[in-house]
Number of protein chains: 4
Amino acid sequence: MVSDKGMKGLNLGAVARRVGLVPSALYRHFQNKDGMIDALLELIESRLVANVVAVRQETDDPLLALELLLRRHVRLIRENAGIPRIVFSEEVYGAKSQRKYRVHDLLRRYLGRVAEFFRESQQAGTVRTDLSPDELSVMFLGLVQPAAILWHVSDGGFDVTRQAEKAWGVFSEAIKNGEDKGPEAGRASPATREN
Amino acid sequence: MVSDKGMKGLNLGAVARRVGLVPSALYRHFQNKDGMIDALLELIESRLVANVVAVRQETDDPLLALELLLRRHVRLIRENAGIPRIVFSEEVYGAKSQRKYRVHDLLRRYLGRVAEFFRESQQAGTVRTDLSPDELSVMFLGLVQPAAILWHVSDGGFDVTRQAEKAWGVFSEAIKNGEDKGPEAGRASPATREN
Amino acid sequence: MVSDKGMKGLNLGAVARRVGLVPSALYRHFQNKDGMIDALLELIESRLVANVVAVRQETDDPLLALELLLRRHVRLIRENAGIPRIVFSEEVYGAKSQRKYRVHDLLRRYLGRVAEFFRESQQAGTVRTDLSPDELSVMFLGLVQPAAILWHVSDGGFDVTRQAEKAWGVFSEAIKNGEDKGPEAGRASPATREN
Amino acid sequence: MVSDKGMKGLNLGAVARRVGLVPSALYRHFQNKDGMIDALLELIESRLVANVVAVRQETDDPLLALELLLRRHVRLIRENAGIPRIVFSEEVYGAKSQRKYRVHDLLRRYLGRVAEFFRESQQAGTVRTDLSPDELSVMFLGLVQPAAILWHVSDGGFDVTRQAEKAWGVFSEAIKNGEDKGPEAGRASPATREN
DNA sequence: CATGAATGAGCGTTCATTCAT
DNA sequence: TATGAATGAACGCTCATTCAT
């Protein structure tokens with residue numbers, strides 16, 4: 001529903017119709033629309049967490065886990081096209097700061113779990129240590145996000161899976177520990193700290 | 001306006017008030033709200049294009065140009081926090097397919113210009129050629145996008161500038177042509193089965 | 001409940017919560033909301049009648065009984081601030097004529113009992129007879145009613161007790177039988193044309 | 001409208017229909033429903049004040065002015081049966097304290113003007129001075145208020161005009177300055193200050 | 001060109017009421 | 001008898017849009 005019509009399709013009437021109810025009946029299950037969206041965010045977070053848990057069980061190699069996670073992430077988005085539309089929608093990403101912080105927390109938590117894999121990899125010596133796990137986790141998210149957007153606006157025409165894997169190839173190569181790139185890798189950019 | 005209140009703040013009343021008019025008067029300038037948003041998208045595209053043009057004038061080195069472009073992109077978003085909220089809002093990214101394709105075109109055009117730099121770099125031999133310019137351009141967008149989201153949901157607390165530069169550091173290193181990593185870099189991922 | 005939130009607080013949900021039930025369970029005890037309000041009105045009437053009965057037992061002097069009744073009336077309102085809000089609420093005083101007549105009857109009955117005291121006083125010769133007991137009973141009600149309203153809108157700041165006693169002082173003096181004011185007292189107003 | 005259906009009839013739909021508009025069109029003229037009621041209260045206050053001003057012009061005798069005012073008050077209520085239903089409705093008299101204070105002020109202002117007549121009469125020596133003008137003004141209101149309620153619940157069957165004039169007869173006699181009732185008149189009631 | 005008035009569709013929400021269990 | 005789920009009507013309100021002036 002959200003994947004079709006966007007968050008504007010997430011009105012009580014549409015939701016109710018979808019679940020075979022009448023709008024007012026939704027108030028049996030949620031306090032109000034905000035409650036509905038909160039529940040939705042929780043569901044989404046649980047899906048993300050489930051992916052992390054799953055890949056943990058699939059392998060002990062944290063770098064491989066990340067690759068598997070990326071693939072699962074892509075699949076999650078492909079199969080639930082509504083997810084990014086919810087997370088980045090006005091309703092949640094938008095004005096009301098309380099909800100914005102809710103999304104902030106969700107992202108931080110997910111990224112925290114992703115960062116954990118990087119940390120483990122660094123401790124195992126397979127990933128360079130001049131980048132913090134947090135920074136790496138944000139980059140990880142960047143491997144798929146623009147691709148997901150393109151996939152959406154192209155009505156599925158863009159090959160998000162392939163793009164994500166290409167990006168992972170570049171990224172994983174780049175962060176792998178190697179004796180030759182250690183020294184100058186930290187030179188992220190010609191300075192200009194401005195924030 | 002959009003940066004404060006989200007796209008819901010982009011109602012004709014608010015816009016009209018902003019420009020010292022009355023809502024109905026806007027219909028002298030735009031056919032309807034869709035027309036307004038189209039104009040907005042055009043404005044945004046012009047800003048993006050302006051950045052491309054600017055960095056073209058600032059340097060002849062396409063890789064350096066990309067770095068400068070990234071920095072400009074970050075600045076553009078930081079100074080016009082409303083831009084991502086418009087581009088990825090429901091109103092444009094959302095339901096009406098016509099508008100979605102409009103955004104698709106905008107992104108493709110921008111990415112096309114970005115890809116141009118990569119193509120030039122590849123022709124100049126400074127960037128590996130096992131990745132297509134198009135793929136590279138999408139990755140390029142991924143260097144900043146998740147950071148921008150975090151910056152927004154953290155109310156400016158996240159250091160998007162620093163993150164983007166770090167990401168560029170990793171990325172630019174990874175794509176630079178080097179004799180040792182050329183051959184196997186194309187090995188994007190250990191498995192390529194679509195899931 | 002009603003005293004806090006007004007008749008809008010008198011919704012089935014609130015009532016049910018108050019008595020530890022669920023809204024639908026109330027339908028085991030009342031046919032519908034109207035039935036509830038009817039029961040409420042009956043309860044209120046019983047309170048009013050109880051006051052009349054009580055003062056009857058407290059004294060044989062009908063004029064003193066009225067003074068005591070007035071004091072009880074004030075106390076009843078002060079301790080059950082919801083009563084006037086129910087009696088004069090829209091739900092009962094309002095639209096549905098059936099309910100309006102129900103309130104009409106309640107008031108007539110109460111005023112009838114008040115009038116009885118006046119009739120007895122007149123028969124005992126202590127109250128002038130140029131005013132009918134019915135008229136006197138309505139005046140009696142007027143001794144407290146505006147004060148009660150002021151008490152409510154001033155959040156208890158207005159001294160309804162004192163005002164009622166002052167008014168009773170004036171009123172009781174005025175209606176007491178005296179040789180000098182008997183004859184011309186009936187001259188209600190200098191002109192009787194209806195406007 | 002309010003006189004027919006009570007404050008529940010004062011919904012935007014009904015009001016709009018009454019003035020030949022559509023509900024949303026009312027928002028051109030009032031900020032919201034609260035604004036509507038505020039405007040209504042102002043209108044009512046202006047009517048009450050107009051009565052005061054009118055009787056001031058009709059006579060210089062403050063006691064006669066009060067009698068005329070009472071008659072005008074009755075007429076106002078008879079011709080605008082909705083007035084008491086608005087002033088004493090839940091919507092205004094009810095929960096929201098801000099509005100309650102608004103009504104409080106309205107009543108205080110009106111009663112203040114009424115008290116002025118009593119004060120003048122006392123200064124002219126025609127009204128006993130052991131009762132404060134404020135107290136007298138509240139009693140004055142009591143001359144008509146219960147009658148008005150009976151008139152309403154009896155669907156106009158009760159003769160509010162006659163009752164008010166009778167009550168005025170009793171009241172005006174009682175408060176007039178006389179040498180015989182001066183001393184004991186202050187004995188409002190056998191004590192019991194309790195508030 | 002700009003305005004004020006008005007419109008109609010839609011939305012979130014409340015609430016009395018019904019009904020199967 | 002009591003409950004939870006559901007309903008339908010109504011309400012206050014917002015907003016894009018139209019139109020006469």
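Since the structure is predicted, the reported quantities are computational estimates derived from the model, not experimental observations. So that the names make sense, note that chain A is the first sequence line, chain B the second, and so on, each numbered from 1.
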Note, [X] side chain near [Y] side chain (heavy atom, < 4.5 Å):
| X | Y | value |
| --- | --- | --- |
| D:Y27 | D:N32 | yes |
| C:H73 | C:Q145 | no |
| C:D105 | C:E45 | no |

May I have the distance from [X] (atom [atom1]) to [N] (atom [atom2]), rounded to whole angstrom?
| X | N | atom1 | atom2 | result |
| --- | --- | --- | --- | --- |
| D:D34 | F:dC11 | CG | P | 17 Å |
| A:N32 | E:dT14 | CG | P | 8 Å |
| B:M36 | F:dT17 | CE | C1' | 13 Å |
| C:R17 | E:dA16 | CZ | C1' | 14 Å |

Of the candidate nucleotides [options], which contains the atom at the shortest distance from the side chain of [X]?
| X | options | value |
| --- | --- | --- |
| A:L21 | F:dA6, F:dA16, E:dT17 | F:dA6 |
| D:R28 | E:dA5, F:dA16, F:dA2 | E:dA5 |
| D:K33 | F:dT17, F:dC13, E:dG4 | F:dC13 |
| C:Y27 | E:dA2, E:dT7, E:dA16 | E:dA16 |
| A:N11 | F:dG12, F:dT1, E:dG12 | E:dG12 |

| note | Under a 3.5 Å limit on both distances, the Watson-Crick or wobble mate of E:dA20 is F:dT3

| task | If E:dG8 has a Watson-Crick or G-U wobble mate with both distances under 3.5 Å, name it; if not, just say none. | result | F:dC15

| For A:G20 and D:Q31, take the nucleotide of DNA chain F holding the closest heavy atom to each; which residue's nucleotide lies nearer the 5' end? |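 Result of the comparison: A:G20.
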
| request: Could you tell me whether the side chain of A:S24 has a donor or acceptor atom within less than 3.5 Å of a complementary atom in the base of E:dG12? | output: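 Per atom types, no contact qualifies.
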
| query | D:L26 or C:L12: which one's nearest nucleotide on DNA chain E is closer to the 5' end? | reply | D:L26

| Between A:P23 and D:V22, who's closer to the 5' end of DNA chain E by nearest nucleotide? |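 Nearer the 5' end of the strand: D:V22.
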
| Does B:R47 CZ have over 12 foreign heavy atoms under 6.0 Å away? |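 Not more than 12 within 6.0 Å, no.
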
| request: Please answer whether the main-chain N or O of C:A14 pairs with a side-chain N or O of C:N11 as donor and acceptor at a distance below 3.5 Å. | output: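 Yes, because the side chain of C:N11 sits within donor-acceptor range (under 3.5 Å) of the backbone of C:A14.
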
| request: Output yes when at least one side-chain N/O atom of C:H29 is less than 4.0 Å from OP1 or OP2 of F:dA2, else no. | output: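 The answer is yes; a side-chain N or O of C:H29 sits under 4.0 Å from OP1 or OP2.
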
